[in-house]
Amino acid sequence: MKTPRNPVVLLTLAVGGIVVVYLQFNICHRQPTAGDEKVTKWHKNVPSEQWSKDNLKVQESVEKCQVEFVDPFHPDIVQLVVRPAPTLRCDLNFLPEITMVESRQLKVDRTKLRGSTGHATFSHCRYRNVAGKPEDDMKIVFSEWSEPFRSSVRLGEDSEFIHVNCFSDSKEENIISKSFFSLVPTRRHLDKLYDVKLNKRRVKYQPRETLNVVIVGIDGLSRHQFMRTMPKTYKYLTRALGSFDFTMQGQHGDNTFSNFLPLLSGNLESEVKEWWNNTQPQDAFGFMFDDFEKAGFRTLYSEDNPLYSGFYWGDRFFINPLTSYWNRPLHLAMVAERGFVTRNGSCLGPQTISEFQLNYLLDFLNTFHDKPVFAVSFFDAITHYETASAGVIDEHLFNFYKSLNRKGHLNKSLVILLSDHGPRWGKVRQGPNGRVESRNPLLFLTFPSWFLQKYKTVEENLRANTRVLTSYLDAHQMLLDLLYFQSAQRAPIQRSPKGLSMLEKLPQRTCDEAYIPEHQCFCKKWIETPIDISSRLARDVSRFLLLEIKSRSDKTECEEFSLGEILTVHLLTAQVADQAEDKKHPGRKLYQVRLTTRPGLASFEGKVHYNSVSKYYKVEKEIERLNLFRGERECLPTRRQVYCYCKGNNRKYDN
Ligand SMILES: *[C@@H]1O[C@H](CO)[C@@H](O)[C@H](O)[C@H]1NC(C)=O
Ligand SMILES: *[C@@H]1O[C@H](CO)[C@@H](O)[C@H](O)[C@H]1NC(C)=O
Ligand SMILES: *[C@@H]1O[C@H](CO)[C@@H](O)[C@H](O)[C@H]1NC(C)=O
Ligand SMILES: [Zn+2]
């Protein structure tokens with residue numbers, strides 16, 4: 001597969017600036033500044049007691065999975081992990097957008113020229129079509145440029161993605177406006193096919209309702225960080241729309257792929273790895289888009305970061321588009337256009353990535369307002385690097401929900417807002433709430449109110465399930481149940497053996513029972529007792545952890561680590577004592593250690609088994625790095641870079 005992958009390399013070079021940023025992660029500690037005052041004031045407006053009460057209830061009601069109570073609005077946390085976030089704008093530093101598309105007319109609005117570019121004269125515009133190359137999701141093809149036009153031009157049925165340039169005079173280098181558009185062609189010739197599939201579903205399975213499914217995913221946002229950084233959307237969901245806030249949503253892994261795969265296909269990453277590797281197409285996973293297409297739903301999937309987000313990280317690829325509406329070719333074209341994608345992927349020319357993507361989704365819903373659809377849009381650019389300013393798109397998301405409501409889409413859809421996983425590193429993870437937050441992504445379900453009134457049991461189940469451990473495998477089963485909806489009964493279809501639909505009343509489960517691996521589990525398993533960090537014991541267990549970290553550090557590429565500082569050491573005692581284990585290893589205790597290393601001040605957390613009498617020790621395999629290497633030279637693949645401070649790094653040794 002080497003040859004077809006070459007375009008990746010070319011595009012990577014073309015957008016080197018973006019690539020560098022996407023690959024680097026946060027470690028800087030910001031000092032409080034004057035701007036923080038706003039954050040504190042804002043925090044006071046939020047009824048913190050309410051969240052506390054809700055969370056405490058969670059704690060009482062749960063037996064198999066107790067969650068440690070952490071206050072999402074503790075002033076120290078808010079100060080550390082939230083930044084004042086004026087709404088993202090991109091129109092101030094780019095050529096004005098003077099064209100727009102309305103009912104397949106591409107129109108010029110010359111009045112827009114005046115405000116932003118002074119006296120720029122206008123001559124004409126041209127457009128060209130962009131399309132994906134069949135069976136190669138890294139390549140795009142362009143049509144010839146159109147004839148020049150001055151006021152409007154009718155787009156053909158073949159136009160799905162277009163690139164428009166406008167010029168000040170006859171010289172084609174004098175561009176005064178540049179735009180890309182994702183259109184939603186109706187493809188009327190397929191109507192009969194979708195209709196007959198819908199009819200087949202109706203006759204064979206007699207589903208009791210037909211709801212659209214609309215999923216908006218935001219990368220790496222914990223539930224608490226969502227509540228803190230997007231207060232407008234959060235309040236709208238919980239107060240105006242009565243959305244279900246799944247307070248105990250867990251995750252199967254710490255990256256997008258390991259959670260979107262179970263959500264969209266019902267497979268765990270470990271399962272597909274038994275028969276698939278990155279060099280092979282991902283089409284074989286069996287995504288539920290196929291289930292929806294078979295049942296007569298039109299489908300859309302869109303990721304905002306065409307080279308590095310969920311299904312593309314690490315040179316992954318598909319042969320065929322996942323869905324019938326798929327604007328990846330346009331994203332590839334925008335990325336390949338020099339200087340068009342800016343601010344770490346947040347801006348596409350004069351448009352914000354968030355509005356661009358949400359408008360594409362809305363266009364799709366509006367175009368098929370009387371047909372069933374299944375749509376998934378994933379946002380990586382805004383939060384991948386840092387979630388502190390996720391609030392810059394709060395307004396956009398809030399407006400999106402309001403539009404859904406105004407246009408009647410909420411009345412016929414299940415709308416899901418979710419994140420794939422909590423933050424693996426950075427300030428949220430390092431903070432005192434980090435362990436829980438890093439394993440608790442947001443999941444909000446919004447159903448039409450008539451639906452909940454009509455199916456009372458489903459409503460009661462959903463409400464109860466917001467307070468028990470849930471996972472993306474459960475969400476997957478729920479979507480299948482909804483596709484062939486039979487009220488609270490299971491739908492009559494082939495199901496994955498894993499996961500339980502959230503439309504049923506879920507039992508109490510341990511992480512293991514919910515297919516959540518131990519190191520991704522936020523359930524409280526240990527009673528933590530702090531150990532004096534200056535004690536002999538603390539120094540011993542820290543030394544063992546350091547030894548293990550050093551053994552994982554590549555000797556030729558990396559500087560040798562020494563201890564920076566011991567941050568914390570806790571003795572961990574099981575909530576429920578394991579007497580067999582205690583008998584087998586008398587005197588052996590478990591310690592959790594957080595420390596930093598030099599040079600580079602990397603921060604790590606690991607667990608060490610230690611018997612202070614026999615001096616036996618063993619370090620657990622899972623060692624988490626709590627910050628990553630922004631600003632450092634990277635000399636190894638990410639997984640190994642985690643344990644490395646590369647030689648030849650000229651960065652200062654402080655932070
Ligand atoms: C991936 O699978 C292919 C086909 O089975 C095999 O040839 C290749 O060596 C594998 N690559 C890796 C990196 O495991
Ligand atoms: C892009 O990310 C870099 C890396 O930290 C950051 O310093 C910079 O402020 C970001 N740029 C914008 C415009 O957001
Ligand atoms: C919402 O949908 C229900 C069920 O289809 C319908 O009875 C009702 O009139 C709709 N409400 C609005 C405001 O469109
Ligand atoms: Zn992710």
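In each ligand, atom 1 is the first atom listed, and ligand 1 is the first ligand listed.
- Heavy-atom contacts of Gln280 reach the following atoms of ligand 1: 2 (O), 3 (C), 4 (C), 5 (O) (cutoff under 4.0 Å).
- At a cut-off of 2.8 Å, Thr256 coordinates the Zn ion (ligand 4) through an N, O or S atom.
- Contact annotation for atom 14 (O) of ligand 3: protein present (non-hydrogen atoms, distance under 4.0 Å).
- For Tyr360 and Phe356, the gap between ring centers reaches or exceeds 6.0 Å.
- The side-chain tip of Arg316 does not point at the ring of Phe311 from less than 6.0 angstrom away and within 45° of straight on.
- Distance from atom 9 (O) of ligand 3 to its nearest protein heavy atom, with residue and atom name: Asn411 ND2, 4.7 Å.
- For Phe297 and Phe374, the gap between ring centers reaches or exceeds 6.0 Å.
- Among the heteroatoms counted here (N, O or S) of His421, NE2 is the one nearest to the Zn ion (ligand 4).
- Two rings, from Phe260 and Phe287, have their centers 6.0 Å or more apart.
- Both cation-pi conditions hold for Lys197 and Tyr194: the charged atom is under 6.0 angstrom from the six-membered ring centre and inside a 45 degree cone around its axis.
- There is a protein heavy atom less than 4.0 angstrom from atom 2 (O) of ligand 3.
- Relative to the ring axis of Tyr312, Arg328 places its NZ or CZ within 45° and under 6.0 Å from the centre.
- Under the 4.0 angstrom criterion, atom 5 (O) of ligand 1 counts as having a protein heavy-atom contact.
- Restricting Asp219 to its N, O or S atoms, the one at the least distance from the Zn ion (ligand 4) is OD1.
- Of the listed residues (Thr446, Leu443, Leu237), just one forms a side chain to side chain contact (heavy atoms under 4.5 Å, CB included) with Leu417, and that residue is Leu237.
- If you look at Phe226 and Phe444, their ring centroids are closer than 6.0 Å.
- Nearest to atom 12 (C) of ligand 1 among the protein's heavy atoms is Asn277 ND2, 3.2 Å.
- Nearest N, O or S atom of Asp420 to the Zn ion (ligand 4): atom OD2.
- Proximity to Thr279 (heavy-atom distance under 4.0 Å) selects the following atoms of ligand 1: 1 (C).
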